[in-house]
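Keep in mind that the numbers below use all heavy atoms, side chains included, and drop hydrogens, waters and symmetry copies. So that the names make sense, note that chain A is the first sequence line, chain B the second, and so on, each numbered from 1.
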Amino acid sequence: MLSKKRFLEALAIIFEMFPEAKGELHSKTPFQLLIATILSAQATDKGVNKATPALFSAYPDAKSLAVADISSIESKIKSIGLFHTKAKNIKAAAKMLMEDFDGELPKDKVLLQKLPGVGRKTANVVLGDAYGIPGIAVDTHLDRIAKRLNIVPQKASVLDVEKTLMRYIPEEKWVTAHHHLIFFGRYHCTAKNPNCENCPVLSYCKFGQERLGGFDA
DNA sequence: ATCCCGAGGG
DNA sequence: CCCTCTGGAT
C-alpha cells in the first residue's frame, strides 16, 4: 500500500501536470450547478454542457423547473442518457427546494442529499464548487486512481476511498485536489488506455509498473 | 447486485 | 463491436 507521504509526493506532481484544473460544468447559479451535477452521473461533462443551455434557457431556476412538463425536460436532456430518471429527479429536486427549502440550496451535505438524484458525490461537488465547503467527491476517476496508486485495497468502497483521501490530504486542499485528480484521470490516467509509458508518477504507481513490466494484456 | 441509457472513443 | 462517462436508488 502506498504511504501517505509517498501519495502526497505523487499528488504534488499531479498538481503540476494540470495546474488549472477546475470544474467544467457550465452554470450561472448554484441551482444550475446542482442540476448540471445531477445530470452528470454516468455521463461526460461535455455531453451535459451540450444539453444544459436549452434546459436552463427554458427553466433557469427552481421555480420554473418545479412546474415543468416531464416530457419537455426529457426532450432537452435525452442526449445525456438515463434521461427518464434524471428528468424525474431534477423536477422533484426543484419542487423540494421550493416547498421545503424556501427556494434556496441548503449548504449542508446531509440536507442536500435529501434531494432526489443527489448522493454523496453530487453533494460534495456542489458544496465545494458553489460555496467552497471542503469535501472530496469520489467519482469513477478518483476511485480508479486511488486503486491504481494502491492507497486503498482494490475492493474498497467509494466511501473508503473518500475517507482515505480526507486523511491523506490537508482539508484546505480537498476541493482543489479533487479537480486535479479528475483531470489526471480524464486526460492521462484514463480508464481504457492509460498513458503509463509517459507518466510522471509511474514510480509511485503499482498498477503502472505491473502493467509495463508484465506481459501484454 | 442490478437497473437506468445515449454519445463518443478505440 | 465493446467500454466508459464527475452515480443514485432500489
Side-chain angles (χ1 to χ4, degrees), chain A residues 14 18 20-27 30 32-55 70-71 73-96 109-148 155-162 165-166 169 174-197 207 211 216-217:
Chain A
I14 291 171
F18 302 96
E20 298 183 13
K22 58 176 175 14
E24 299 198 302
L25 291 172
H26 297 164
S27 64
Q32 291 186 3
L33 176 64
L34 169 73
I35 300 304
T37 309
I38 293 174
L39 294 177
S40 73
Q42 296 298 100
T44 61
D45 59 339
K46 250 183 210 170
V48 173
N49 288 335
K50 199 174 151 193
T52 46
L55 179 69
I70 286 289
S71 59
I73 300 174
E74 287 186 346
S75 71
K76 292 172 174 55
I77 67 170
K78 193 161 191 178
S79 63
I80 297 174
L82 304 176
F83 62 94
H84 291 301
T85 308
K86 287 176 179 178
K88 184 156 58 88
N89 282 343
I90 62 177
K91 172 171 178 171
K95 187 180 279 185
M96 188 180 289
K109 197 180 298 184
V110 175
L111 291 179
L112 254 189
Q113 287 182 81
K114 292 189 178 304
L115 299 173
V118 180
R120 196 178 177 82
K121 179 259 172 184
T122 298
N124 273 319
V125 169
V126 172
L127 292 177
D129 286 352
Y131 303 116
I133 298 173
I136 299 179
V138 176
D139 64 349
T140 180
H141 296 301
L142 270 73
D143 187 66
R144 180 176 67 250
I145 294 165
K147 285 168 185 174
R148 284 183 177 169
K155 56 171 71 171
S157 67
V158 289
L159 186 57
D160 288 334
V161 173
E162 181 182 332
L165 288 171
M166 287 168 70
I169 303 171
W174 285 354
V175 173
T176 50
H178 158 75
H179 286 124
H180 289 276
L181 288 168
I182 293 267
F183 268 59
F184 179 60
R186 186 179 293 163
Y187 301 117
H188 191 94
C189 189
T190 49
K192 241 197 258 183
N193 294 94
N195 191 2
C196 302
E197 297 81 357
F207 170 86
R211 178 166 176 264
D216 299 355

Has [X] got a side-chain N or O lying under 4.0 Å from the OP1 or OP2 atom of [N]?
| X | N | answer |
| --- | --- | --- |
| A/Thr140 | C/dC5 | yes |
| A/Lys50 | B/dG8 | yes |
| A/Gln42 | C/dC5 | no |
| A/Arg186 | C/dT4 | no |
| A/His178 | C/dT6 | no |
| A/His84 | B/dC4 | no |
| A/Thr85 | C/dG8 | no |

What do you reckon, is CD of A/Glu197 surrounded by more than 12 foreign heavy atoms closer than 6.0 Å? yes

Using a 4.0 Å heavy-atom cut-off across all strands, classify [X] as base, sugar-phosphate, or nothing.
| X | result |
| --- | --- |
| A/Gly117 | sugar-phosphate |
| A/Ala191 | sugar-phosphate |
| A/Thr190 | nothing |
| A/Gly23 | base |

Can you check whether A/Thr52 reaches A/Ile35 side chain to side chain, under 4.5 Å on heavy atoms? no

Take the protein atom NZ of A/Lys88 and the nucleotide atom C1' of C/dG8, then report the distance between them rounded to whole Å. 11 Å

Rounding to the closest angstrom, what is the interatomic distance between B/dT2 and C/dT6 at atom P? 24 Å

If you measure from the P atom in C/dG8 to the same atom in B/dA7, how many Å do you get, rounded? 23 Å

Contacts of type ring pair (Phe, Tyr, Trp, His ring centres under 6.0 Å), residue A/His188, not counting sequence neighbours: A/Phe184

Would you be so kind as to tabulate the donor-acceptor pairs closer than 3.5 Å made by side chains of residues 122-136 of chain A, with sequence neighbours excluded?
from     : atom 1 : to       : atom 2 : distance (Å)
A/Asn124 : OD1    : A/Lys109 : NZ     : 3.2
A/Asn124 : ND2    : A/Arg120 : O      : 3.2
A/Asn124 : ND2    : A/Ile136 : O      : 3.4
A/Asp129 : OD1    : A/His179 : NE2    : 3.2
A/Asp129 : OD2    : A/His179 : NE2    : 3.3

Contacts of A/Val118 and A/Val125 projected onto DNA chain C by closest heavy atom; the upstream (5') one is A/Val125

With a 4.0 Å cut-off, would you call A/Glu24 and A/Arg186 a salt bridge? yes

Side chain of [X] (C-beta onward), nearest among [options]:
| X | options | answer |
| --- | --- | --- |
| A/Lys192 | B/dC4, B/dG9, C/dC5 | B/dG9 |
| A/Asn193 | C/dT6, B/dC5, B/dG10 | B/dG10 |
| A/Asp45 | B/dC5, C/dT6, B/dG6 | C/dT6 |

